[in-house]
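Just so it is clear, the model here is predicted, and its values are computed rather than measured.
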Amino acid sequence: MDNTEICAKLFEAFTTGDEGAVRALCAPDMVARQNGHPPMNLDALLRFSQAVLGVVRDFRYEDAVRSSTATGVVEEHSVRGQLP
């Protein structure tokens, strides 16, 4: 499985709130960066994801563009959902 396939599975796991799948797909020392905000480790990223899922109904990623890099993968996407 290449990085872009892993990335697709990872974002699917985030969408469904499947923490076990996220942990299985990520190295324990992974670092995520999004939208210019400070880097997050895996635990912080999972907490952020669960907080979003707790607030946003019908949360989903659309229009994903994935690029494999020498050290990982970059994904650009649109986020969709409904706020209260």
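Heavy-atom contacts from other residues, nucleotides or ligands closer than 6.0 Å to CD of Glu76 number 12 or fewer.
Although no hydrogens or angles enter the test, the distance criterion places no donor-acceptor pair under 3.5 Å between the side chain of Arg66 and the main chain of Ala64. In this structure a side-chain-to-backbone donor-acceptor pair under 3.5 Å is missing from Asn3 to Ser68. A donor-acceptor contact shorter than 3.5 Å links the side chain of Glu5 to the backbone of Asp2. Remark: the backbone N or O of Phe11 is paired with a side-chain donor or acceptor of Thr15 at under 3.5 angstrom.
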Check the pair Ile6, Val73 against side-chain contact (heavy atoms from CB on, under 4.5 Å), reporting the backbone distance first and the verdict last.
-> CA-CA 9 Å; Ile6 293 169; Val73 66; over 6 Å; no

Given Gln34 and Phe48, is the side-chain contact (heavy atoms from CB on, under 4.5 Å) satisfied, shown in steps?
-> CA-CA 12 Å; Gln34 60 182 30; Phe48 173 78; 3.1 Å; yes

Could you go through the side-chain contact (heavy atoms from CB on, under 4.5 Å) check for Leu10 and Cys26 one step at a time?
-> CA-CA 8 Å; Leu10 178 63; Cys26 293; 3.6 Å; yes

Taking it one step at a time, do Asp63 and His77 satisfy side-chain contact (heavy atoms from CB on, under 4.5 Å)?
-> CA-CA 5 Å; Asp63 308 316; His77 52 250; 6.0 Å; no

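Residues Glu75 and Cys7 share a closest heavy-atom pair of OE1-SG, 3.2 Å. Shortest non-hydrogen contact noted between Ala27 and Leu42 is O-CD2, 4.2 Å. The two atoms that bring Ala13 and Val22 nearest to each other are CB-CG2, 3.6 Å, heavy atoms only.
At a threshold of 4.5 Å between side-chain heavy atoms, the hydrophobic network of Ile, Leu, Val, Met, Phe, Trp and Tyr places Val74 and Met1 in two separate groups. Taking hydrophobic clusters as Ile, Leu, Val, Met, Phe, Trp and Tyr residues chained together by side-chain heavy-atom distances below 4.5 Å, Val55 shares a cluster with Leu45. Both Leu46 and Val79 are part of a single hydrophobic cluster, where members link through side-chain heavy atoms under 4.5 Å apart. Note on Val52 and Met40: same hydrophobic cluster, where clusters join Ile, Leu, Val, Met, Phe, Trp and Tyr whose side-chain heavy atoms are under 4.5 Å apart, directly or indirectly.
Salt-bridge formation is detected for the pair Arg23/Asp43: a Lys NZ or Arg NE/NH1/NH2 atom is positioned less than 4.0 Å from an Asp or Glu carboxylate oxygen.
Between Glu12 atom CD and Arg60 atom CZ the span is 15.0 Å, to the nearest 0.5 Å.
A donor atom on one side chain and an acceptor atom on the other are not found under 3.5 Å apart for Thr16 and Asp18.
Taking the side chain as every heavy atom from C-beta outward, Phe59 and Phe14 never approach each other to under 4.5 Å.
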